[in-house]
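Comments concern the structure below.
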Amino acid sequence: MANRNSSPGSMIEAGRERAKGLYRSRGLRITVLVIVIFLVLLGLFGFFAAPSIIKNQAQTRLGAMLGRQVSIGAVHVNPYTLRVEVDKLHIADRDGTSPFVDVDQLVVDASWSSVFHMAPVLDQLLVQTPQIHITRTGPQAFNFTDIIQRFNAQPTDPNASPARFALSNIAVHNGDINFDDKVLNTTHHVAQLELGIPFIANLPHDVDIFVQPLLAMQVDGSPLRIEGQTKPFADSHESVIGFTLDHFDLPRYLSYVPEPLPAQIPSGQLSGHLELNFIDSKPTQQLILKGQLQADNLALTGQDNGQLLELNHASATLDDVEPLASRYHFSAIRLDGAKLHYAKLSGGRTNFDSLLGKDKPPPKPGTPPTDAHIDTCALQNSSFEYTDLTSGKPARLTLDGLHGTIRNLSTVSSQPGTIDLTSGLNGGNLHATGNLFMSASRFDGEVSMNNVALEPLMGMAPPMLNAQIASGTLDGDMHLKADWSKTVELTMDGSKLAVNNFALDQHGRKPVSWQALTTEISHLDLDGSVAQLNNVTMDGLKIDARRLRDGSIDLTHLMKSSPPSHGKAAASPAWHWSIAHLGVDGSTFALTDPTLPSKDGHIVVKA
């Protein structure tokens, strides 16, 4: 409290005395001396010893890593700014004599924050006059394919965190690429390559961005220049570079991808305009892709040439796509003439496993979940074909004429998306509305069907009958709740189902048939084996039974016997049924029994 009344002069004098005390402090002088000695030694090591060590280690280690001969002309290091300059970098081709990569100068400005992040953080990466020689020796085979295979063969730690990095001010000047395509017996030459990338980062880093987006080159003598623009007066220092695609032939250019793709694209053209936004809102940077894309006559097949998807036309509006952050937001997607082929294979596999990465190891800990969001997805003239190939006889189910909308579909949000879809099914109609929780793998909504043929649906179920379904249609208004997060759980409440004009055929006769069977379902739980029915009414029931020579009634053989269980598999719980009211009207029961006293052994009972 007394310091508040002190005069400015006395405060200055007190500060001077404290400064003299620090100056006379033996501990401070030793600390300063140690720092000075460390900086001197760091400078001596960095300027004089480090260049030769880096040069020798880089030639040895890089050569072993790539399986190529590597030579470096000179290395210059500034240990205080962490700037490294590499002159005359040469990487030979596999034969040891042909050139593969030559770089006049490589400049790397590292940041001291690399030490704190324990990750590569570069303030600048400059490549001067690179010369690259690429040879295509076969389909998806190049003169660097062995390098990719070498890297892929290295063991990885499944518990390791995903790679983190921040690369800023990336520039390539006066590049030259010679491409020798021995498959098509042609050559291409890219000259005067100029490339500017403000940053590529998934780590926050506060750095001065001075490189603007740029792509300029001469391709076989034809000039190409795409230059980005900086938005003036923007606090985020945002730069934008645009790309336009006009009927880009996917099969032609995807054949140059150096690694096999999880699926093949035998046809398809891509058009549209995209904008790549570099947003530097210090200390974070964002790389956002926006714009519109269109695909025409797209076909997607598996590695076995099996059909996966055909698409007449599709359009997508990219609202916020950030691949480095696993973020994919679309404001609108429209599909016209989409045909999706989904097949269930043996061993719990599907034909989409490779495309969806099911055969790849799980993501590393700390990997952000894929954030996909679609505001509106509209379908028209589309179809979905489901095929079950797990048994000897394939079973197919097709939704044709599929159209409708899906809104607010998200893989991470707890809020539901809504669906309103209509399609044809087995000669009838199917309509589904409700809430779809993609992040929780749940659906809650209404499903109605009208005049859907029953016989194709039975192919999806395990074989239960020793007879064929000769006729029958299904109508229904159902409130469904489905959960497939772990196992498939299906419940139905306040629903109504009707099976009309049903008949079984067994060796040319119809042992069971009816005109209408209507069921009001109070509660049905397939997983819990519970069925609570309010009213069950049957009209026009006809039963034609016969006594066989062994004395049994043939109706008892309509159902297949259950196969004996093997091992200690848990038995399915017994079904618990309850029917509040059962009504039968206009029914006929016929029995043919040679032992009956009637003249033809045939009796008929009508109710």
Side-chain angles (χ1 to χ4, degrees), residues 310 312 335-344 377-389 393-406 418-436 443-465 467-482 484 488 490-505 510 512-521 524 526 531 533-542 586:
E310 293 106 49
N312 289 341
L335 305 177
D336 186 2
K339 297 180 180 179
L340 184 67
H341 305 268
Y342 185 89
K344 182 180 179 182
C377 179
L379 296 93
Q380 63 180 6
N381 304 320
S382 299
S383 65
F384 172 75
E385 182 184 78
Y386 174 84
T387 305
D388 189 344
L389 299 175
K393 183 179 179 181
R396 288 182 173 84
L397 187 69
T398 301
L399 301 178
D400 51 37
L402 182 62
H403 63 276
T405 56
I406 304 175
T418 60
I419 70 170
D420 187 352
L421 298 173
T422 302
S423 75
L425 175 61
N426 299 338
N429 298 314
L430 181 71
H431 183 216
T433 61
N435 295 325
L436 181 60
F443 171 76
D444 186 351
E446 310 292 330
V447 177
S448 62
M449 58 180 65
N450 178 42
N451 201 36
V452 175
L454 188 61
E455 190 273 334
L457 295 179
M458 296 304 295
M460 297 289 104
M464 298 181 293
L465 298 173
Q468 301 295 324
I469 297 179
S471 61
T473 59
L474 185 64
D475 297 333
D477 293 301
M478 300 162 284
H479 179 80
L480 292 178
K481 291 183 179 179
W484 58 93
V488 178
L490 182 66
T491 60
M492 190 184 305
D493 297 285
S495 303
K496 185 177 180 180
L497 283 176
V499 179
N500 302 316
N501 302 316
F502 176 83
L504 284 179
D505 181 86
K510 297 180 179 179
V512 178
S513 63
W514 64 73
Q515 293 179 0
L517 171 63
T518 303
T519 304
E520 295 179 1
I521 302 173
L524 176 67
L526 293 183
L533 310 180
N534 287 337
N535 295 312
V536 179
T537 59
M538 181 173 288
D539 294 325
L541 173 63
K542 293 182 180 181

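Starting from 1, each residue takes its place in the sequence as its number.
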Residues Asp400, Glu385; criterion side-chain contact (heavy atoms from CB on, under 4.5 Å); working and verdict: CA-CA 8 Å; Asp400 51 37; Glu385 182 184 78; over 6 Å; no
Residue pair His431, Thr433: steps toward the side-chain contact (heavy atoms from CB on, under 4.5 Å) verdict: CA-CA 7 Å; His431 183 216; Thr433 61; 3.5 Å; yes
Stepwise side-chain contact (heavy atoms from CB on, under 4.5 Å) check, Ser448 with Asp477: CA-CA 4 Å; Ser448 62; Asp477 293 301; 3.3 Å; yes
Verdict with reasoning, Thr518 to Asn535, per side-chain contact (heavy atoms from CB on, under 4.5 Å): CA-CA 8 Å; Thr518 303; Asn535 295 312; over 6 Å; no
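The line from NZ of Lys481 to CG of Leu490 is 11.5 Å long, rounded to the nearest 0.5 Å. In this structure, OG1 in Thr398 is found 12.0 Å from OH in Tyr386, a value given to the nearest 0.5 Å. Between atom NE2 of residue His403 and atom CD of residue Gln380 there is a gap of 9.5 Å, rounded to the nearest 0.5 Å. The structure places CG of Leu389 at 10.5 Å from NZ of Lys344, a figure rounded to the nearest 0.5 Å.
Contact check for Thr422 versus Leu430: no side-chain heavy atoms found under the 4.5 Å cut-off. For the pair Lys542 and Gln515, the minimum side-chain heavy-atom distance is 4.5 Å or more. Counting only heavy atoms from C-beta outward, the side chains of Asn435 and Thr418 approach each other to under 4.5 Å. Residues Leu517 and Phe502 fail the side-chain proximity criterion, which asks for heavy atoms closer than 4.5 Å. In this structure, the side chains of Leu480 and Met492 come closer than 4.5 Å at one or more pairs of heavy atoms. Here the side chains of Asn426 and Thr473 are not in contact, with every heavy-atom distance at 4.5 Å or above.
The nearest pair of heavy atoms linking Leu421 to Thr405 is CD2-N, 3.9 Å. Nearest approach of Ser382 to Gly337, heavy atoms of both residues: OG-N, 3.8 Å. Residues Ala453 and Pro456 approach most closely at O-CD, 3.6 Å, considering heavy atoms. Minimum interatomic distance between Met478 and Leu497 (heavy atoms only, all atoms of both residues): SD-CD2, 3.7 Å. In this structure, Trp484 and Leu436 approach most closely via the heavy-atom pair CH2-CD1, 3.8 Å.
A side-chain donor-acceptor contact under 3.5 Å links Ser471 to the backbone of Asn501. Judged by distance alone, with hydrogens and angles left aside, the side-chain atoms of Ser495 form a donor-acceptor pair with the main-chain N or O of His479 at under 3.5 Å. Of the possible polar contacts, one joining the Asp475 side chain to the Asn451 backbone as a donor-acceptor pair under 3.5 Å is found.
Among residues two or more places apart in sequence or in another chain, the ring pair (Phe, Tyr, Trp, His ring centres under 6.0 Å) test is passed with Phe443 by none.
Remark: the Asn381 side chain and the Asp336 side chain contain an N/O donor-acceptor pair separated by less than 3.5 Å. For the residue pair His341 and Glu310, a side-chain donor N or O sits within less than 3.5 Å of a side-chain acceptor on the partner. Between Gln468 and Asp505, the side chains place no donor N or O within less than 3.5 Å of an acceptor N or O (distance only, hydrogens not considered).
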